[in-house]
Amino acid sequence: MVIETQRLILREYTFDDFNVLFEIVSDPETMQHYPAPFDEQRTKEWIAWNLENYEKYGFGLWALVLKGSGEFIGDCGITIQDIDNELLPEIGYHIHKKYWRRGFAKEAARAVRDWVFHNTQYDAIYSCMKYTNVGSYATAIANGMEKVKEYPDEKNGISYAYAIKRGQWEKLSGKT
């Protein structure tokens, strides 16, 4: 499975991605909206979880690489997440901090959003984040999502959920 955008390629993870992924997810600044940065074991489990998701669902978080250089800069994809006690499809991503504020998260998340509506039967796709994660909800809004829920969450204290429904996406993309 491969998704291409103007500047990015999204492809399935392999365990060969461990070192560069670990550099990203072990960084305290990058993981400031998570309970804690990942250690080596948690990073290996992250890759394994995504490989399992590919088998189980046909999707997961995909490695995000620059088209020109092939450099791994993060991940983006869809996973099934517990959003206020409901299992829902969610777009998530992690971008290496040296690539922040260049539109890569928006570009990747938009491609994943479009992939979901072209390749699944889901009527809505979500993004949820810790209430302090301004960058993530700005990305959600930039991709046509609206805030649909604010809820208490053990992990985050308070989480926000943003969503876009298939009909909204069809209007945005000129499909209606």
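Residue numbers count from 1 along this sequence. What you see below is based on every heavy atom in this structure, not just the backbone, and it leaves out hydrogens, waters and symmetry mates.
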For this session: Find the distance between NE2 (H33) and OH (Y131) and round it off to the nearest 0.5 Å.
Result: 10.5 Å
Problem set entry | Between CG on residue N143 and NZ on residue K106, distance to nearest 0.5 Å | 7.0 Å
Exercise. Does Y93 reach the side chain of V112, with side-chain heavy atoms less than 4.5 Å apart?
Worked result: no
Exercise. Atom CG of N53 and atom CD of E12: how far apart are they, to the nearest 0.5 Å?
Worked result: 11.0 Å
Exercise. Does the side-chain hydrogen bond (donor to acceptor under 3.5 Å, both in side chains) test come out yes or no for Y57 and T79, once each step is laid out?
Worked result: CA-CA 9 Å; Y57 300 110; T79 58; over 6 Å; no
For this session: Find the distance between CD1 (I125) and CD (Q168) and round it off to the nearest 0.5 Å.
Result: 13.0 Å
Exercise. To the nearest 0.5 Å, how far apart are CD1 in I78 and CH2 in W115?
Worked result: 6.5 Å
Exercise. With a 4.0 Å cut-off, would you call R11 and D17 a salt bridge?
Worked result: yes
For this session: Could you walk me through whether S136 and Y162 pass side chain to side chain contact (heavy atoms under 4.5 Å, CB included), step by step?
Result: CA-CA 10 Å; S136 281; Y162 285 73; over 6 Å; no
Exercise. Got a sec, which residues hit ring pair (Phe, Tyr, Trp, His ring centres under 6.0 Å) with W49, two or more places apart in sequence or on another chain?
Worked result: W46
Problem set entry | side chain to side chain contact (heavy atoms under 4.5 Å, CB included) between L88 and Y122, intermediate numbers included | CA-CA 9 Å; L88 298 168; Y122 294 122; over 6 Å; no
Exercise. Less than 4.5 Å apart, any side-chain heavy atom of H118 and any of W169?
Worked result: yes
Seminar exercise, completed: CG (L64) and CD1 (I9) are apart, to the nearest 0.5 Å, by 10.0 Å
For this session: Go through the structure and list residues passing side-chain contact (heavy atoms from CB on, under 4.5 Å) with A124, not counting sequence neighbours.
Result: Y126, K165
Exercise. Any side-chain heavy atom of R7 within less than 4.5 Å of one from L66?
Worked result: no
Ignoring hydrogens and angles, write down the donor-acceptor pairs under 3.5 Å from the side chains of residues 18-26, residues two or more places apart or on other chains.
{"unit_1": "E23", "atom_1": "OE2", "unit_2": "H96", "atom_2": "NE2", "d": "2.8"}
{"unit_1": "S26", "atom_1": "OG", "unit_2": "F22", "atom_2": "O", "d": "2.5"}

Exercise. Just wondering, do R113 and M145 contact through their side chains at under 4.5 Å, heavy atoms?
Worked result: no
